[in-house]
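So that the names make sense, note that chain A is the first sequence line, chain B the second, and so on, each numbered from 1. Note that this is a predicted model, so its numbers are computed, not measured.
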There are 2 protein chains.
Amino acid sequence: MSYQSESLIAQTREVREASGVSQRALSERAGLTQSHISQIESGKMEPGLSSFIDMTRALDLELMLVPKRLVPAVLSLVKAQAAPDMHIHAGQPNDKRFARAERLVKKMKHLYGSSADLDRIEETLRFLRRVSLGDQEMQLVRELIARLERYQASDQAAPIAREIAQNLQRLRNSIAHRAISEPRPAYSLDGDDDA
Amino acid sequence: MSYQSESLIAQTREVREASGVSQRALSERAGLTQSHISQIESGKMEPGLSSFIDMTRALDLELMLVPKRLVPAVLSLVKAQAAPDMHIHAGQPNDKRFARAERLVKKMKHLYGSSADLDRIEETLRFLRRVSLGDQEMQLVRELIARLERYQASDQAAPIAREIAQNLQRLRNSIAHRAISEPRPAYSLDGDDDA
DNA sequence: TATCCTGATGCGTTATTTTGTATCGATGAA
DNA sequence: TTCATCGATACAAAATAACGCATCAGGATA
(Lines give C-alpha, C1' and ligand atoms only; values in the text may rest on other atoms or scores of the structure.)
Protein backbone atom coordinates (compact mmCIF):
# COMPACT_ATOMS: atom_id res chain seq x y z
CA MET A 1 0.00 0.00 0.00
CA SER A 2 1.99 2.89 -1.18
CA TYR A 3 3.48 3.19 -4.64
CA GLN A 4 1.34 6.17 -5.50
CA SER A 5 3.68 8.33 -3.52
CA GLU A 6 6.80 6.49 -4.60
CA SER A 7 7.49 8.89 -7.42
CA LEU A 8 6.98 11.99 -5.30
CA ILE A 9 9.17 10.70 -2.51
CA ALA A 10 11.85 9.61 -4.95
CA GLN A 11 11.86 13.11 -6.36
CA THR A 12 12.39 14.71 -2.97
CA ARG A 13 15.25 12.37 -2.32
CA GLU A 14 16.84 13.20 -5.62
CA VAL A 15 16.50 16.89 -5.00
CA ARG A 16 17.87 16.54 -1.51
CA GLU A 17 20.91 14.63 -2.67
CA ALA A 18 21.43 16.89 -5.65
CA SER A 19 21.45 19.86 -3.31
CA GLY A 20 23.93 18.20 -1.05
CA VAL A 21 21.63 18.27 1.97
CA SER A 22 21.99 15.46 4.47
CA GLN A 23 19.03 13.76 6.08
CA ARG A 24 20.01 15.30 9.39
CA ALA A 25 20.25 18.79 7.95
CA LEU A 26 16.90 18.32 6.29
CA SER A 27 15.40 16.94 9.46
CA GLU A 28 16.30 20.13 11.29
CA ARG A 29 14.99 22.41 8.59
CA ALA A 30 11.81 20.43 8.23
CA GLY A 31 11.28 19.79 11.91
CA LEU A 32 11.30 16.02 11.61
CA THR A 33 13.61 13.30 12.85
CA GLN A 34 16.43 11.87 10.81
CA SER A 35 15.18 8.36 11.40
CA HIS A 36 11.80 9.50 10.23
CA ILE A 37 13.14 10.87 6.99
CA SER A 38 15.24 7.80 6.43
CA GLN A 39 12.25 5.54 6.76
CA ILE A 40 10.20 7.71 4.46
CA GLU A 41 12.84 7.85 1.79
CA SER A 42 13.49 4.14 1.93
CA GLY A 43 9.79 3.43 1.62
CA LYS A 44 9.44 1.79 5.01
CA MET A 45 6.87 4.33 6.05
CA GLU A 46 4.27 6.51 4.43
CA PRO A 47 4.49 10.12 5.57
CA GLY A 48 1.53 12.20 6.55
CA LEU A 49 0.64 14.93 4.13
CA SER A 50 1.91 17.63 6.44
CA SER A 51 5.18 15.85 7.11
CA PHE A 52 5.73 15.52 3.43
CA ILE A 53 4.95 19.16 2.85
CA ASP A 54 7.45 20.09 5.54
CA MET A 55 10.06 18.10 3.71
CA THR A 56 9.36 19.60 0.32
CA ARG A 57 9.26 23.15 1.61
CA ALA A 58 12.61 22.66 3.25
CA LEU A 59 13.92 21.68 -0.17
CA ASP A 60 12.54 24.72 -1.94
CA LEU A 61 9.84 22.68 -3.56
CA GLU A 62 6.12 23.24 -3.72
CA LEU A 63 3.47 20.57 -3.80
CA MET A 64 0.97 21.62 -6.39
CA LEU A 65 -2.37 20.31 -7.59
CA VAL A 66 -2.60 20.11 -11.35
CA PRO A 67 -5.49 18.95 -13.52
CA LYS A 68 -4.44 15.68 -15.12
CA ARG A 69 -4.93 17.15 -18.53
CA LEU A 70 -2.27 19.77 -17.85
CA VAL A 71 0.32 17.43 -16.38
CA PRO A 72 2.34 17.09 -19.59
CA ALA A 73 2.45 20.84 -20.03
CA VAL A 74 3.57 21.46 -16.47
CA LEU A 75 6.06 18.65 -16.76
CA SER A 76 7.67 20.08 -19.84
CA LEU A 77 7.70 23.49 -18.27
CA VAL A 78 9.45 22.19 -15.20
CA LYS A 79 11.86 20.12 -17.22
CA ALA A 80 12.76 22.87 -19.64
CA GLN A 81 13.04 25.68 -17.14
CA ALA A 82 14.65 23.63 -14.46
CA ALA A 83 17.18 22.11 -16.82
CA PRO A 84 19.87 24.75 -16.52
CA ASP A 85 19.65 24.55 -12.78
CA MET A 86 18.36 21.26 -11.61
CA HIS A 87 17.89 18.25 -13.79
CA ILE A 88 17.96 15.88 -10.99
CA HIS A 89 19.79 12.66 -11.13
CA ALA A 90 21.74 11.23 -8.28
CA GLY A 91 23.23 8.13 -6.85
CA GLN A 92 25.30 7.82 -10.02
CA PRO A 93 28.90 6.68 -9.75
CA ASN A 94 29.82 10.06 -11.20
CA ASP A 95 28.53 11.71 -8.09
CA LYS A 96 31.51 10.66 -6.09
CA ARG A 97 33.80 12.07 -8.71
CA PHE A 98 32.05 15.39 -8.57
CA ALA A 99 32.00 15.43 -4.82
CA ARG A 100 35.71 14.79 -4.82
CA ALA A 101 36.28 17.52 -7.37
CA GLU A 102 34.28 20.03 -5.40
CA ARG A 103 36.22 19.20 -2.29
CA LEU A 104 39.40 19.74 -4.22
CA VAL A 105 38.28 23.18 -5.30
CA LYS A 106 37.24 24.05 -1.81
CA LYS A 107 40.63 22.99 -0.58
CA MET A 108 42.37 25.13 -3.16
CA LYS A 109 40.26 28.11 -2.26
CA HIS A 110 41.28 27.55 1.29
CA LEU A 111 44.95 27.43 0.29
CA TYR A 112 45.17 30.22 -2.25
CA GLY A 113 42.14 32.21 -1.29
CA SER A 114 39.10 32.61 -3.50
CA SER A 115 39.66 33.51 -7.09
CA ALA A 116 37.25 34.22 -9.90
CA ASP A 117 38.50 31.12 -11.69
CA LEU A 118 37.99 28.82 -8.74
CA ASP A 119 34.56 30.27 -8.20
CA ARG A 120 33.71 29.63 -11.81
CA ILE A 121 34.98 26.08 -11.59
CA GLU A 122 32.99 25.44 -8.48
CA GLU A 123 29.79 26.80 -9.93
CA THR A 124 30.21 25.00 -13.21
CA LEU A 125 30.86 21.74 -11.42
CA ARG A 126 27.69 22.21 -9.45
CA PHE A 127 25.84 22.62 -12.72
CA LEU A 128 27.44 19.70 -14.49
CA ARG A 129 26.83 17.47 -11.53
CA ARG A 130 23.10 17.79 -12.03
CA VAL A 131 23.06 17.27 -15.75
CA SER A 132 23.09 13.88 -17.36
CA LEU A 133 26.41 13.80 -19.18
CA GLY A 134 27.32 11.68 -22.15
CA ASP A 135 30.31 9.42 -21.91
CA GLN A 136 32.63 11.71 -23.83
CA GLU A 137 31.50 14.66 -21.80
CA MET A 138 32.12 12.86 -18.58
CA GLN A 139 35.48 11.79 -19.92
CA LEU A 140 36.39 15.42 -20.57
CA VAL A 141 35.35 16.43 -17.09
CA ARG A 142 37.42 13.63 -15.64
CA GLU A 143 40.50 14.75 -17.50
CA LEU A 144 40.07 18.35 -16.50
CA ILE A 145 39.66 17.42 -12.88
CA ALA A 146 42.65 15.14 -13.02
CA ARG A 147 44.73 17.99 -14.39
CA LEU A 148 43.52 20.31 -11.71
CA GLU A 149 44.42 17.76 -9.10
CA ARG A 150 47.84 17.24 -10.58
CA TYR A 151 48.72 20.90 -10.56
CA GLN A 152 46.91 21.90 -7.43
CA ALA A 153 50.08 22.58 -5.48
CA SER A 154 52.26 23.66 -8.40
CA ASP A 155 53.16 27.26 -9.00
CA GLN A 156 51.30 27.04 -12.27
CA ALA A 157 48.11 26.42 -10.36
CA ALA A 158 46.64 29.82 -11.20
CA PRO A 159 46.93 29.71 -15.02
CA ILE A 160 45.93 26.05 -15.05
CA ALA A 161 42.85 26.87 -13.04
CA ARG A 162 41.98 29.60 -15.51
CA GLU A 163 42.30 27.25 -18.42
CA ILE A 164 40.21 24.58 -16.74
CA ALA A 165 37.58 27.09 -15.83
CA GLN A 166 37.32 28.10 -19.46
CA ASN A 167 37.05 24.53 -20.63
CA LEU A 168 34.37 23.67 -18.14
CA GLN A 169 32.49 26.81 -19.02
CA ARG A 170 32.59 25.86 -22.67
CA LEU A 171 31.20 22.43 -21.87
CA ARG A 172 28.50 23.96 -19.76
CA ASN A 173 27.48 26.33 -22.52
CA SER A 174 27.24 23.59 -25.09
CA ILE A 175 25.06 21.58 -22.77
CA ALA A 176 22.86 24.49 -21.84
CA HIS A 177 22.36 25.20 -25.52
CA ARG A 178 21.53 21.62 -26.30
CA ALA A 179 19.10 21.61 -23.43
CA ILE A 180 16.73 24.12 -24.97
CA SER A 181 16.90 23.01 -28.59
CA GLU A 182 16.93 19.22 -28.53
CA PRO A 183 14.15 17.08 -27.13
CA ARG A 184 16.16 15.31 -24.44
CA PRO A 185 16.75 11.56 -24.39
CA ALA A 186 15.45 9.93 -21.22
CA TYR A 187 14.65 11.36 -17.85
CA SER A 188 14.20 10.49 -14.27
CA LEU A 189 11.77 13.26 -13.59
CA ASP A 190 8.04 12.70 -14.00
CA GLY A 191 7.75 8.94 -13.94
CA ASP A 192 4.03 9.17 -14.42
CA ASP A 193 2.30 5.97 -15.28
CA ASP A 194 -1.20 5.58 -14.02
CA ALA A 195 -2.80 2.33 -13.10
CA MET B 1 -0.59 21.87 13.28
CA SER B 2 -1.72 21.89 9.74
CA TYR B 3 -2.28 25.04 7.74
CA GLN B 4 0.39 24.06 5.25
CA SER B 5 -2.01 21.65 3.67
CA GLU B 6 -5.03 23.89 4.06
CA SER B 7 -4.69 25.30 0.61
CA LEU B 8 -4.24 21.94 -1.06
CA ILE B 9 -7.17 20.43 0.74
CA ALA B 10 -9.32 23.42 0.02
CA GLN B 11 -8.52 23.03 -3.65
CA THR B 12 -9.58 19.41 -3.71
CA ARG B 13 -12.82 20.34 -2.06
CA GLU B 14 -13.46 23.07 -4.57
CA VAL B 15 -12.75 20.75 -7.44
CA ARG B 16 -14.95 18.07 -5.95
CA GLU B 17 -17.87 20.43 -5.50
CA ALA B 18 -17.36 22.04 -8.87
CA SER B 19 -17.48 18.61 -10.47
CA GLY B 20 -20.64 17.77 -8.61
CA VAL B 21 -19.12 14.77 -6.86
CA SER B 22 -20.47 13.94 -3.43
CA GLN B 23 -18.25 12.91 -0.55
CA ARG B 24 -19.74 9.45 -0.71
CA ALA B 25 -19.14 9.08 -4.41
CA LEU B 26 -15.60 10.28 -3.94
CA SER B 27 -15.08 7.95 -1.03
CA GLU B 28 -15.92 4.99 -3.23
CA ARG B 29 -13.73 6.11 -6.06
CA ALA B 30 -10.83 6.86 -3.76
CA GLY B 31 -11.28 3.88 -1.50
CA LEU B 32 -11.78 5.91 1.66
CA THR B 33 -14.67 6.44 4.02
CA GLN B 34 -17.10 9.29 3.72
CA SER B 35 -16.55 10.25 7.31
CA HIS B 36 -12.87 10.26 6.63
CA ILE B 37 -13.21 12.64 3.72
CA SER B 38 -15.55 14.86 5.65
CA GLN B 39 -13.04 15.23 8.46
CA ILE B 40 -10.22 15.89 6.08
CA GLU B 41 -12.12 18.53 4.17
CA SER B 42 -13.30 20.25 7.31
CA GLY B 43 -9.78 20.34 8.67
CA LYS B 44 -10.48 18.14 11.65
CA MET B 45 -7.88 15.67 10.52
CA GLU B 46 -4.70 15.64 8.52
CA PRO B 47 -4.67 12.98 5.82
CA GLY B 48 -1.73 10.73 5.11
CA LEU B 49 0.08 11.44 1.91
CA SER B 50 -1.29 8.34 0.25
CA SER B 51 -4.85 9.05 1.32
CA PHE B 52 -4.55 12.50 -0.10
CA ILE B 53 -3.16 11.18 -3.34
CA ASP B 54 -6.05 8.77 -3.57
CA MET B 55 -8.44 11.68 -3.24
CA THR B 56 -6.75 13.81 -5.84
CA ARG B 57 -6.44 11.00 -8.36
CA ALA B 58 -10.13 10.30 -8.02
CA LEU B 59 -10.72 13.92 -8.93
CA ASP B 60 -8.54 13.84 -12.02
CA LEU B 61 -5.86 15.84 -10.31
CA GLU B 62 -2.17 15.17 -10.00
CA LEU B 63 0.03 16.12 -7.09
CA MET B 64 3.21 17.54 -8.53
CA LEU B 65 6.49 18.72 -7.10
CA VAL B 66 7.57 22.06 -8.49
CA PRO B 67 10.69 24.10 -7.75
CA LYS B 68 9.59 27.18 -5.81
CA ARG B 69 11.06 29.41 -8.46
CA LEU B 70 8.72 27.95 -11.05
CA VAL B 71 5.56 28.13 -9.00
CA PRO B 72 4.31 31.38 -10.54
CA ALA B 73 4.84 30.03 -14.03
CA VAL B 74 3.03 26.80 -13.31
CA LEU B 75 0.31 28.69 -11.56
CA SER B 76 -0.34 30.96 -14.49
CA LEU B 77 -0.28 28.00 -16.80
CA VAL B 78 -2.83 26.18 -14.75
CA LYS B 79 -4.97 29.23 -14.34
CA ALA B 80 -4.93 30.21 -17.99
CA GLN B 81 -5.43 26.77 -19.42
CA ALA B 82 -7.86 25.62 -16.82
CA ALA B 83 -9.94 28.77 -17.03
CA PRO B 84 -12.40 27.74 -19.72
CA ASP B 85 -13.06 24.52 -17.98
CA MET B 86 -12.44 24.73 -14.32
CA HIS B 87 -11.83 27.91 -12.47
CA ILE B 88 -12.95 26.60 -9.25
CA HIS B 89 -14.98 28.54 -6.82
CA ALA B 90 -17.72 27.08 -4.75
CA GLY B 91 -19.79 27.46 -1.67
CA GLN B 92 -20.92 30.81 -3.01
CA PRO B 93 -24.51 31.83 -2.54
CA ASN B 94 -24.71 31.91 -6.33
CA ASP B 95 -24.22 28.21 -6.39
CA LYS B 96 -27.70 27.56 -5.21
CA ARG B 97 -29.05 29.81 -7.88
CA PHE B 98 -27.18 27.90 -10.54
CA ALA B 99 -28.18 24.56 -9.13
CA ARG B 100 -31.77 25.70 -9.22
CA ALA B 101 -31.41 26.94 -12.76
CA GLU B 102 -29.88 23.70 -13.92
CA ARG B 103 -32.69 21.76 -12.34
CA LEU B 104 -35.13 23.99 -14.11
CA VAL B 105 -33.54 23.24 -17.45
CA LYS B 106 -33.49 19.54 -16.74
CA LYS B 107 -37.16 19.71 -15.89
CA MET B 108 -37.95 21.51 -19.12
CA LYS B 109 -35.98 18.97 -21.10
CA HIS B 110 -38.02 16.31 -19.41
CA LEU B 111 -41.23 18.11 -20.33
CA TYR B 112 -40.53 19.21 -23.88
CA GLY B 113 -37.76 16.85 -24.77
CA SER B 114 -34.21 17.90 -25.42
CA SER B 115 -33.67 20.82 -27.72
CA ALA B 116 -30.50 22.41 -29.01
CA ASP B 117 -31.39 25.56 -27.11
CA LEU B 118 -31.89 23.83 -23.81
CA ASP B 119 -28.67 21.94 -24.30
CA ARG B 120 -26.85 25.18 -24.95
CA ILE B 121 -28.39 26.77 -21.88
CA GLU B 122 -27.39 23.84 -19.78
CA GLU B 123 -23.85 23.80 -20.98
CA THR B 124 -23.43 27.53 -20.67
CA LEU B 125 -24.77 27.47 -17.15
CA ARG B 126 -22.26 24.82 -16.25
CA PHE B 127 -19.55 27.07 -17.53
CA LEU B 128 -20.77 30.24 -15.86
CA ARG B 129 -21.18 28.43 -12.60
CA ARG B 130 -17.44 27.86 -12.38
CA VAL B 131 -16.40 31.35 -13.31
CA SER B 132 -16.26 34.20 -10.85
CA LEU B 133 -18.89 36.56 -12.10
CA GLY B 134 -19.07 40.29 -11.49
CA ASP B 135 -22.18 41.73 -9.89
CA GLN B 136 -23.66 42.97 -13.15
CA GLU B 137 -22.95 39.71 -14.83
CA MET B 138 -24.59 37.76 -12.07
CA GLN B 139 -27.50 40.16 -12.23
CA LEU B 140 -27.92 39.44 -15.91
CA VAL B 141 -27.84 35.70 -15.30
CA ARG B 142 -30.45 36.08 -12.59
CA GLU B 143 -32.78 37.98 -14.89
CA LEU B 144 -32.40 35.47 -17.69
CA ILE B 145 -33.10 32.59 -15.37
CA ALA B 146 -36.09 34.35 -13.91
CA ARG B 147 -37.50 34.84 -17.37
CA LEU B 148 -36.95 31.24 -18.25
CA GLU B 149 -38.72 30.21 -15.08
CA ARG B 150 -41.61 32.51 -15.79
CA TYR B 151 -42.21 31.19 -19.26
CA GLN B 152 -41.30 27.59 -18.65
CA ALA B 153 -44.86 26.35 -19.09
CA SER B 154 -46.04 28.97 -21.55
CA ASP B 155 -46.48 28.19 -25.22
CA GLN B 156 -43.78 30.74 -25.92
CA ALA B 157 -41.30 28.58 -24.07
CA ALA B 158 -39.42 27.56 -27.19
CA PRO B 159 -38.64 31.01 -28.63
CA ILE B 160 -37.89 32.35 -25.13
CA ALA B 161 -35.46 29.53 -24.56
CA ARG B 162 -33.72 30.33 -27.81
CA GLU B 163 -33.36 33.97 -26.86
CA ILE B 164 -32.04 33.13 -23.44
CA ALA B 165 -29.59 30.66 -24.87
CA GLN B 166 -28.26 33.37 -27.15
CA ASN B 167 -27.90 35.84 -24.32
CA LEU B 168 -26.10 33.37 -22.11
CA GLN B 169 -23.85 32.40 -24.96
CA ARG B 170 -22.96 36.02 -25.49
CA LEU B 171 -22.10 36.44 -21.84
CA ARG B 172 -20.02 33.34 -21.93
CA ASN B 173 -18.09 34.52 -24.94
CA SER B 174 -17.31 37.87 -23.41
CA ILE B 175 -16.01 36.17 -20.29
CA ALA B 176 -13.99 33.63 -22.18
CA HIS B 177 -12.44 36.44 -24.15
CA ARG B 178 -11.63 38.42 -21.05
CA ALA B 179 -10.09 35.35 -19.52
CA ILE B 180 -7.22 35.09 -21.93
CA SER B 181 -6.45 38.77 -22.43
CA GLU B 182 -6.84 40.39 -19.03
CA PRO B 183 -4.82 39.46 -15.98
CA ARG B 184 -7.73 38.38 -13.81
CA PRO B 185 -8.78 40.18 -10.64
CA ALA B 186 -8.58 37.88 -7.64
CA TYR B 187 -8.69 34.15 -7.43
CA SER B 188 -9.22 31.30 -5.13
CA LEU B 189 -6.72 29.08 -6.82
CA ASP B 190 -3.11 29.14 -5.67
CA GLY B 191 -3.50 30.91 -2.35
CA ASP B 192 0.22 30.78 -1.87
CA ASP B 193 1.56 32.84 0.99
CA ASP B 194 4.56 31.48 2.68
CA ALA B 195 5.41 32.01 6.29
C1' DT C 1 45.21 4.88 12.99
C1' DA C 2 41.35 7.73 15.08
C1' DT C 3 37.58 10.83 13.94
C1' DC C 4 33.63 12.54 11.83
C1' DC C 5 29.51 12.35 9.10
C1' DT C 6 26.53 9.84 6.19
C1' DG C 7 22.19 6.84 5.97
C1' DA C 8 19.97 2.66 7.91
C1' DT C 9 17.90 0.29 11.65
C1' DG C 10 15.87 -1.14 16.27
C1' DC C 11 12.71 -0.44 19.90
C1' DG C 12 9.43 1.42 23.14
C1' DT C 13 6.02 5.03 23.63
C1' DT C 14 2.88 8.27 22.34
C1' DA C 15 -0.11 10.51 19.03
C1' DT C 16 -2.77 10.28 15.16
C1' DT C 17 -4.90 8.40 11.36
C1' DT C 18 -8.16 5.19 9.36
C1' DT C 19 -11.84 2.15 9.36
C1' DG C 20 -16.51 0.78 10.26
C1' DT C 21 -20.92 1.73 11.50
C1' DA C 22 -24.45 4.65 12.73
C1' DT C 23 -26.79 8.75 13.33
C1' DC C 24 -28.07 13.59 12.75
C1' DG C 25 -30.25 17.94 10.59
C1' DA C 26 -30.80 20.20 6.29
C1' DT C 27 -32.32 20.24 1.64
C1' DG C 28 -34.40 19.04 -2.44
C1' DA C 29 -37.53 15.73 -5.14
C1' DA C 30 -41.65 12.98 -5.81
C1' DT D 1 -45.65 14.48 3.65
C1' DT D 2 -42.38 10.99 2.44
C1' DC D 3 -38.22 9.67 0.61
C1' DA D 4 -33.48 10.15 -0.73
C1' DT D 5 -29.10 12.30 -0.42
C1' DC D 6 -26.15 15.73 1.15
C1' DG D 7 -22.30 16.73 4.70
C1' DA D 8 -21.20 16.63 9.64
C1' DT D 9 -20.48 14.05 13.65
C1' DA D 10 -19.89 10.33 17.27
C1' DC D 11 -17.46 6.43 19.07
C1' DA D 12 -14.73 2.25 19.56
C1' DA D 13 -11.15 -0.55 17.52
C1' DA D 14 -7.18 -1.37 14.77
C1' DA D 15 -3.42 0.30 12.26
C1' DT D 16 0.30 3.14 11.73
C1' DA D 17 2.81 7.45 11.80
C1' DA D 18 5.94 10.09 14.58
C1' DC D 19 9.12 10.85 18.26
C1' DG D 20 13.29 10.01 20.80
C1' DC D 21 17.24 7.80 21.45
C1' DA D 22 20.70 4.71 20.55
C1' DT D 23 23.36 2.14 17.55
C1' DC D 24 25.39 0.45 13.36
C1' DA D 25 28.55 -0.01 9.21
C1' DG D 26 30.53 2.69 5.31
C1' DG D 27 33.19 6.13 3.55
C1' DA D 28 35.87 10.20 3.65
C1' DT D 29 39.15 12.99 6.40
C1' DA D 30 43.00 14.20 9.14
Side-chain angles (χ1 to χ4, degrees), chain A residues 1-2 4-5 9-10 12-55 90-91 93 95-108 110-111 149 152, chain B residues 1-2 4-5 9-10 12-14 16-28 30-55 90-91 93 95-111 149:
Chain A
M1 306 164 181
S2 63
Q4 315 106 302
S5 38
I9 293 178
T12 65
R13 170 164 218 164
E14 285 163 1
V15 170
R16 179 183 64 77
E17 293 181 339
S19 330
V21 180
S22 75
Q23 288 183 345
R24 283 187 172 83
L26 178 59
S27 77
E28 290 177 10
R29 280 201 247 168
L32 308 174
T33 343
Q34 180 263 330
S35 77
H36 194 190
I37 291 182
S38 171
Q39 290 182 338
I40 291 173
E41 285 190 346
S42 53
K44 302 198 188 308
M45 171 182 298
E46 199 94 26
L49 176 59
S50 55
S51 299
F52 188 67
I53 292 181
D54 288 336
M55 285 182 56
D95 256 27
K96 287 192 183 177
R97 212 173 290 274
F98 275 111
R100 180 179 197 82
E102 290 181 8
R103 274 195 307 271
L104 171 61
V105 174
K106 198 193 289 182
K107 180 180 171 185
M108 292 180 68
H110 188 67
L111 278 179
E149 198 157 17
Q152 59 171 299
Chain B
M1 306 164 180
S2 65
Q4 315 107 302
S5 38
I9 293 178
T12 64
R13 171 164 218 163
E14 285 163 0
R16 179 183 64 76
E17 293 182 339
S19 330
V21 179
S22 74
Q23 289 182 345
R24 282 186 173 84
L26 178 59
S27 76
E28 289 177 11
L32 308 174
T33 341
Q34 180 262 332
S35 76
H36 193 192
I37 292 181
S38 171
Q39 291 182 342
I40 290 172
E41 284 189 347
S42 54
K44 302 197 188 309
M45 171 182 299
E46 198 94 26
L49 176 59
S50 55
S51 298
F52 188 66
I53 292 181
D54 288 337
M55 284 182 57
D95 254 27
K96 287 193 182 177
R97 210 173 294 273
F98 275 110
R100 180 178 197 83
E102 289 181 9
R103 273 196 307 271
L104 171 61
V105 174
K106 197 192 290 184
K107 180 180 173 186
M108 292 179 67
K109 287 173 79 168
H110 187 68
L111 277 179
E149 198 157 19

Considering only nitrogen or oxygen atoms on both sides, find all protein atoms under 3.5 Å from nucleotides 21-26 of chain C and state each distance.
none

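Here the OG-CD1 distance, from A:Ser51 to A:Ile37, works out to 9.5 Å after rounding to the nearest 0.5 Å. Interatomic distance, B:Ser19 OG to B:Glu14 CD, rounded to the nearest 0.5 Å: 11.0 Å. The CD1 atom of A:Ile53 lies 7.5 Å from the CZ atom of B:Phe52; values are rounded to the nearest 0.5 Å.
The distance from atom CZ of A:Phe52 to atom P of C:dT16 is 22 Å, rounded to the nearest whole Å. Atom CE of A:Met45 is separated from atom C1' of D:dA15 by 12 Å (rounded to the nearest Å). Rounded to whole angstrom, the span from the CD atom of B:Gln39 across to the P atom of C:dT18 amounts to 10 Å. For the pair A:Ile37 CD1 and D:dA17 P, the interatomic distance rounds to 16 Å; values are reported in whole Å. Residue B:Ile40 contributes atom CD1, which lies 14 Å from atom P of D:dT9 at whole-angstrom precision. Here the P atom of nucleotide C:dC5 and the CD atom of A:Glu17 are 19 Å apart, to the nearest Å. When the C1' atom of C:dT17 is taken as reference, atom CG of A:Leu49 falls 13 Å away, rounded to whole Å. Here C:dC5 presents its C1' atom at 13 Å from CD of A:Glu28, a figure rounded to the nearest Å.
Residue contacts for A:Ser22: at a heavy-atom cut-off of 4.0 Å it reaches the sugar-phosphate backbone alone, with no base atom in range. Among the protein residues, B:Leu32 comes within range of the sugar-phosphate backbone only, with heavy atoms under 4.0 Å from sugar or phosphate atoms but none that close to a base.
Note on residues 25-36 of chain A: pairs passing side-chain hydrogen bond (donor to acceptor under 3.5 Å, both in side chains), not counting sequence neighbours, are A:Gln23-A:Gln34.
Regarding contacts with the backbone of C:dG7, every side-chain N or O of A:Arg13 stays at 4.0 angstrom or more from both OP1 and OP2. Dashed line: the shortest gap from a side-chain N or O of A:Ser51 to OP1 or OP2 of D:dA18 is under 4.0 Å. Proximity of A:Lys44 to the phosphate of C:dA8: no side-chain N or O atom is located under 4.0 Å from OP1 or OP2.
Set against D:dA18, C:dT18, C:dT9, the side chain of B:Pro47 has C:dT18 as its closest nucleotide. You'll find that the side chain of A:His36 is closest to D:dA18, out of C:dG7, D:dG7, D:dA18.
Two residues are said to be in side-chain contact when any heavy atoms from C-beta on lie closer than 4.5 Å; A:Arg16 and A:Glu41 meet this criterion. Side-chain atoms of B:Leu26 and B:Ser22, non-hydrogen and from C-beta on, never get closer than 4.5 Å to each other. When side chains are defined from C-beta on, A:Ile9 counts as touching A:Pro47, because their heavy atoms get closer than 4.5 Å.
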